[in-house]
Protein chains: 2
Amino acid sequence: MDLKDIQQLLHEHKFRLTKEREAVLMAFVDARRMFTPAQLHDYVKERYERVGLTTVYRLLEALTKVGLATPFLIDGEIYYTFCPNQHHHHFVCLQCHQVKELFQCNAQQAMDVDQKIGTVAYHKLDFFGRCRSCEEEKH
Amino acid sequence: MDLKDIQQLLHEHKFRLTKEREAVLMAFVDARRMFTPAQLHDYVKERYERVGLTTVYRLLEALTKVGLATPFLIDGEIYYTFCPNQHHHHFVCLQCHQVKELFQCNAQQAMDVDQKIGTVAYHKLDFFGRCRSCEEEKH
DNA sequence: ACCTTATAGAAAATCATTTTCTACAACGGA
DNA sequence: TCCGTTGTAGAAAATGATTTTCTATAAGGT
């Protein structure tokens, strides 16, 4: 999924991709890690250009609405990660906040929620720990 | 896990179980559903006795800290559910907010996160949908 | 019973998020 | 390409959930 596709998806939902949003989007996509809105704001400011915090909030809201971003709740903080793909899971490094996608998914079958309980609309499966490079960091 | 065990666990962490906290705890445990702090506050006020909202926040924080409550992020709202057991997963009804625990867990084996990625400290697997009774409600 | 330490709850403070507002930019049609 | 419509940027203000503060009180150990 590249910029064109993202643009089209946003467009279908009547969101316009301005240069400001594009700057935030580029930063967000490239980073491959999770951010709180304020963190992403700082990150964009440093690397790309100065944009308003409101703009960051609005893009994150838009991306979440069209299914391109996922919020995580960790230690009471809400982090967002860019999620271009349909259904997948995550490995989240609690140290460097890097996020990796895992595509293989056997959870639905593996768990097989009983009909007596209800009907599953969707599920979430995420792994948290330390990524390889964070582990190697401390000798 | 009964009240005695909860009391002991809180005690180990130097939390005291006062009558106010006990009222909130009873409500929370009995309900078997998820609440935002404000919702739980209302619920306790109606059914048990009047307690301060601050007290509700503090109990939820304490329970989360000792591993007896789990927060869910749904539509931007943070909901808490009482989680007495070690490792398990959830079925969350998005309509009535009822929560059921699922104990069988093959996720770790089923997914088998690659060593190259990192080391998993814990994982979360939750199912969202409509529970049986909500489904039957509308004929 | 006494002493230390945690708690209740109201009130105030904090701070993340949302709303408001105005000038401006993007898109689509002529 | 120009124009009208509609969404957007960003600062500033408002909102509202959550946290902190404070004082009297209660809990639990000794």
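Residue numbers start from 1 in every chain, and the chains themselves are labelled A, B, ... in the order their sequence lines are given, proteins ahead of strands.
- Here B/T54 does not reach the OP1 or OP2 of D/dT20: none of its side-chain N or O atoms lies under 4.0 Å away.
- Across the protein-nucleic acid pair, B/K14 atom NZ and C/dT4 atom C1' stand 11 Å apart, rounded to whole Å.
- If you take NZ of B/K65 and C1' of C/dA6, they are 14 Å apart, rounded to a whole angstrom.
- One can place CG of A/L53 at 10 Å from P of D/dA11, the figure rounded to the nearest angstrom.
- For D/dG29, the OP1/OP2 oxygens have a side-chain nitrogen or oxygen of B/H11 closer than 4.0 Å.
- None of B/E137, B/E136, B/E135 except one satisfies the side-chain contact (heavy atoms from CB on, under 4.5 Å) rule with B/R130; the exception is B/E135.
- For the pair B/Y57 and B/T18, nearest-nucleotide mapping onto DNA chain D gives the more 5' position to B/Y57.
- Residue B/H13 is out of contact with every strand shown, counting any heavy-atom pair closer than 4.0 Å.
- For the pair B/F15 CZ and C/dT5 P, the computed distance is 17 Å after rounding to whole Å.
- Close to C/dT5, at under 4.0 Å from its OP1 or OP2, lies no side-chain N or O of B/R16.
- Using modelled atom types, one side-chain atom of B/R21 and one backbone atom of B/R16 make a donor-acceptor pair closer than 3.5 Å.
- A donor and an acceptor atom never sit less than 3.5 Å apart when one is taken from the side chain of B/R58 and the other from the base of C/dT7.
- Atom NZ in B/K19 sits roughly 13 Å away from atom P in D/dT25 (whole-Å rounding).
- Under the 3.5 Å distance criterion, the side-chain polar atoms of B/E22 are left unmatched by any main-chain donor or acceptor of B/K19.
- Under the 30°/60° scheme for interplanar angles, the aromatic rings of B/H89 and B/H123 are found to lie parallel.
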A/Y80/A/M34 under side-chain contact (heavy atoms from CB on, under 4.5 Å): CA gap, chis, key distance, verdict: CA-CA 5 Å; A/Y80 289 85; A/M34 60 183 185; over 6 Å; no

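- Atom pair A/E20:CD and C/dA23:P shows a separation of 18 Å (rounding to whole Å applied).
- Atoms CD (A/Q8) and P (C/dA26) sit 19 Å apart, rounded to a whole Å.
- A/T55 comes within contact range of the sugar-phosphate backbone alone, with a heavy-atom separation under 4.0 Å but no base atom that close.
- Considering only side-chain N and O atoms, B/R21 lies nowhere under 4.0 angstrom from the phosphate OP1 or OP2 of C/dG9.
- As a whole-Å value, the separation of B/L60 CG from D/dA17 P is 15 Å.
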